[in-house]
Amino acid sequence: MKIARLIFNPIQENTYVVWDDTLQAAIIDAGNAGERENEVLEKFLSDNGLRPVLALNTHGHFDHLLGVNFLQDRYGVKLAMSSKDEFLLKNASVSAELFGVRAGDMPEGIDVDLEQMEEITFGSTTLKVIPVPGHTPGHVAFYEPESKVLFTGDTLFRESIGRTDLPGGDYSWIMRSIIDNLLPLGDDVKIYPGHGDVSDLGHEAMYNPFVVEVLNNEVNYKN
Ligand SMILES: [Zn+2]
């Protein structure tokens with residue numbers, strides 16, 4: 001599996017293009033906003049001969065959704081996301097305005113509900129869908145076991161975690177998700193977060209202050 005990271009929109013969101021030998025591609029958290037960024041993504045896809053078939057979303061925040069409508073119009077891709085985050089999708093334009101970002105057209109709904117799915121396939125690639133509620137109720141991570149690659153969205157960043165003070169956020173749940181559902185995948189698993197640099201789970205277990213204080217029993221996260 002090949003991975004490219006493009007950083008888009010004023011929130012500096014990581015949009016990942018992932019593909020394999022079939023040259024079918026999935027766009028994870030398409031955050032491209034406006035003509036210039038749409039062109040950057042379009043050019044990357046055409047330069048590499050890729051055919052996008054899926055918009056895969058870790059969660060429903062606007063900065064991860066800004067480019068989905070473009071991908072649907074231009075390539076006819078389907079949007080795959082958890083229906084538990086549909087309330088965020090409905091509010092995405094308003095939320096964007098609150099952050100001072102012009103949203104443009106947003107997707108009308110979810111085409112593929114990840115809520116009931118354990119994995120999702122494009123080309124010859126299968127990604128495991130791991131529920132990681134906390135930053136949002138319907139947040140999921142995508143895991144590719146062969147290359148040990150994990151897309152963590154806004155759940156786990158390099159040496160930080162996602163906000164839990166936004167609507168539907170919950171600190172106890174995000175920590176459970178990280179400790180119970182992500183760390184057991186193994187120290188050598190590379191993480192590709194929704195913002196900031198890549199990392200691996202071993203580094204986060206050692207140096208992520210939010211993870212370390214929980215592992216050391218310095219805070220009670222099971223409220
Ligand atoms: Zn988010």
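Order of listing sets the numbers, starting from 1, for every ligand and every atom in it. Sequence positions, counted from 1, serve as the residue numbers for this chain.
Leu66 pairs in a side-chain contact (heavy atoms from CB on, under 4.5 Å) with only one of the listed residues (Met106, Glu37, Arg102), which is Met106. Only one option out of His139, His195, His135 pairs with His61 in a ring-ring contact (aromatic ring centres under 6.0 Å, His included); it is His135.
The Zn ion (ligand 1) has an N, O or S atom of His61 inside 2.8 Å of it. The Zn ion (ligand 1) has no N, O or S atom of His139 inside 2.8 Å of it.
Expressed to the nearest 10°, the angle at the Zn ion (ligand 1) joining NE2 in His135 with OD2 in Asp154 is 90°.
In His59, the N, O or S atom that comes nearest to the Zn ion (ligand 1) is NE2.
Salt bridge absent: Arg176 and Asp180 never bring a charged side-chain N and a carboxylate O closer than 4.0 Å.
In the model, Ser199 has a side-chain atom that pairs as donor or acceptor with a side-chain atom of Glu204 under 3.5 Å.
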